[in-house]
Novice: 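So that we are looking at the same thing, I have put the structure below in structure tokens.
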Amino acid sequence: MNLGDVKSSGLPRKYKFPKGRGHSSGIGKTCGRGRKGQKARQGTSFRPYFEGGQMSMLRRLPKFGFNNKAFATDLEVVNVGDLEEAFPAGATVDYVSLKAAGLVRRDCDGVKILGLGNLTKKLVVKAQGFAKSAEEKITKAGGSVEKLVNVHVASIKHHATNAEEKKAEKAGKAPAAKAAQGKPADKKK
């Protein structure tokens with residue numbers, strides 16, 4: 001066997017050109033590093049995604065993965081002053097009537113009543129949450145307050161029960177989550 005019979009392994013081997021071998025070598029003096037600056041110095045290294053201090057691509061791209069926000073209680077806010085304008089005396093105010101009046105414009109887990117404005121009408125208000133001031137104004141006007149259980153309708157739609165709801169709609173039944181929305185809260189004894 002001779003050296004001529006030996007085959008190359010096929011591994012790519014880049015020829016490393018010797019730098020700094022004098023002016024006549026073609027790559028002497030600054031050795032391909034240019035003049036001064038950060039990259040001309042010894043021991044300089046950059047992480048692969050470094051973009052010169054600019055906001056890197058890793059940080060510019062949107063984040064994805066699990067987020068607990070999808071399971072948060074999504075409540076619409078309605079003020080007591082809005083109820084004064086939208087409803088007649090003796091009316092029952094709930095999610096359906098608020099949506100019909102245009103005070104709630106999107107699907108959500110429920111409604112919270114806040115105390116901004118004045119109320120002179122007697123109303124029966126059913127909602128998932130009440131501010132203390134709102135509760136006082138409603139009862140002072142002779143109305144009543146009924147606190148409902150929080151049902152995560154908006155978030156449930158996008159998760160596990162979505163397929164079940166679609167099957168129920170095809171069968172002509174009301175989805176369980178929507179049916180439970182008007183359920184009153186159990187009073188603690």
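Just so it is clear, the model here is predicted, and its values are computed rather than measured.
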Novice: If I compare all heavy atoms of I27 with all of P18, which pair ends up nearest, and what's the gap?
Specialist: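 Smallest interatomic distance, heavy atoms only, reads CG2-O, 3.9 Å.
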
Novice: How long is the span from the SG atom in C31 to the CZ atom in F17, to the nearest 0.5 Å?
Specialist: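 Between atom SG of C31 and atom CZ of F17 there are 10.5 Å.
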
Novice: Should the heavy atoms of other residues, nucleotides or ligands under 6.0 Å from CZ of F50 be counted, would the total exceed 12?
Specialist: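 Yes, the 6.0 Å shell around CZ holds more than 12 heavy atoms from other groups.
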
Novice: To the nearest 0.5 angstrom, please state how far the CD atom of E85 sits from the CG atom of L103.
Specialist: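 Here the interatomic distance stands at 9.0 Å.
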
Novice: Provide the closest heavy-atom pair for G90 versus L123 in the form atom of the first, atom of the second, distance.
Specialist: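 Scanning both residues, the minimum pair turns out to be N-CD2, 4.3 Å.
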
Novice: Could you check if a side-chain atom of V111 sits within less than 4.5 angstrom of a side-chain atom of L148, using non-hydrogen atoms only?
Specialist: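 Counting from C-beta outward, V111 and L148 never come under 4.5 Å.
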
Novice: For the side chain of D94 and the backbone of S97, is there at least one donor-acceptor N/O pair under 3.5 Å apart?
Specialist: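 Yes; judged by distance alone, with no hydrogens or angles, the pair exists.
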
Novice: Take a 6.0 Å sphere around NZ of K63 and say whether it holds more than 12 heavy atoms from other residues, nucleotides or ligands.
Specialist: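 Yes.
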
Novice: Determine, for R106 against D74, whether the closest basic-nitrogen to carboxylate-oxygen distance falls under 4.0 angstrom.
Specialist: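 Yes, charged N to carboxylate O under 4.0 Å.
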
Novice: For the pair K137 (side chain) and G115 (backbone), establish whether a donor and an acceptor sit closer than 3.5 Å, ignoring hydrogens and angles.
Specialist: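 Pair found, side chain donor or acceptor close to backbone of G115.
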
Novice: Give a yes or no on whether L116 and L98 share a hydrophobic cluster (residues Ile, Leu, Val, Met, Phe, Trp, Tyr; joining criterion: side-chain heavy atoms under 4.5 Å apart).
Specialist: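 No; L98 is not reachable from L116 via cluster members.
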
Novice: Using 4.0 Å as the upper bound for N to carboxylate O, is an ion pair formed by E135 and K147?
Specialist: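 No, no charged N to carboxylate O under 4.0 Å.
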
Novice: Under 3.5 Å, side chain of E84 to main-chain N/O of T120, donor-acceptor pair present?
Specialist: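 A pair under 3.5 Å: yes.
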
Novice: With no hydrogens and no angle check, is any side-chain donor or acceptor of R21 less than 3.5 Å from a backbone partner on G28?
Specialist: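 No: the side chain of R21 does not pair with the backbone of G28.
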
Novice: Decide yes or no for L119 and I138: does some side-chain heavy atom of the first lie under 4.5 Å from some side-chain heavy atom of the second?
Specialist: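 Side chain of L119 against side chain of I138, heavy atoms only: contact under 4.5 Å found.
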
Novice: Side chains of E76 and K112: closer than 4.5 Å at any heavy-atom pair?
Specialist: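 E76 does not reach K112 side chain to side chain.
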
Novice: Quick one: pull up CD1 in I113 and OG in S133 and give me the separation to the nearest 0.5 Å.
Specialist: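 Separation between the atoms: 11.0 Å.
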
Novice: Backbone N or O of Q38 within a donor-acceptor pair of the T44 side chain at under 3.5 Å?
Specialist: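 Yes; judged by distance alone, with no hydrogens or angles, the pair exists.
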
Novice: What's the separation between atom NZ in K16 and atom NZ in K14, rounded to the nearest 0.5 Å?
Specialist: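 Atom-to-atom, K16:NZ and K14:NZ are 10.0 Å apart.
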
Novice: Using a 6.0 Å cut-off, check whether atom CZ of F64 has over 12 heavy atoms from anything other than its own residue.
Specialist: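 Not more than 12 within 6.0 Å, no.
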
Novice: Any idea which heavy atoms bring T92 and K126 closest together, and the distance?
Specialist: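 Closest approach of T92 to K126: CG2-CE, 4.1 Å.
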
Novice: Kindly check if the number of other-residue, nucleotide or ligand heavy atoms within 6.0 Å of CZ (R105) is above 12?
Specialist: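 No, because the 6.0 Å sphere around CZ of R105 holds 12 heavy atoms or fewer from other groups.
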
Novice: Heavy atoms, side chains only, cut-off 4.5 Å: are V104 and V78 in contact?
Specialist: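 They are in contact (side-chain heavy atoms under 4.5 Å apart), so the answer is yes.
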
Novice: Less than 4.5 Å apart, any side-chain heavy atom of K39 and any of F46?
Specialist: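 Counting from C-beta outward, K39 and F46 do come under 4.5 Å.
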
Novice: A side-chain contact here means heavy atoms from C-beta on lying under 4.5 Å apart; do F130 and L114 qualify?
Specialist: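 A side-chain contact under 4.5 Å is absent here.
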
Novice: Does some side-chain heavy atom of V125 sit less than 4.5 Å from a side-chain heavy atom of F87?
Specialist: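 F87 does not reach V125 side chain to side chain.
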
Novice: So for atom CG, which belongs to N118, do other residues, nucleotides or ligands contribute more than 12 heavy atoms lying within a distance under 6.0 Å?
Specialist: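 Atom CG in N118 is not crowded, with 12 or fewer foreign heavy atoms closer than 6.0 Å.
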
Novice: Is there a path of hydrophobic side-chain contacts, each under 4.5 Å between heavy atoms of I, L, V, M, F, W or Y residues, that connects Y95 with L75?
Specialist: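 No, Y95 does not connect to L75 through the hydrophobic network.
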
Novice: Do the side chains of R33 and K19 get nearer than 4.5 Å, heavy atoms only?
Specialist: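 No, side chains not in contact.
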
Novice: So which heavy atom on E51 is nearest to which on M55, and how close?
Specialist: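 Smallest interatomic distance, heavy atoms only, reads OE1-O, 3.8 Å.
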
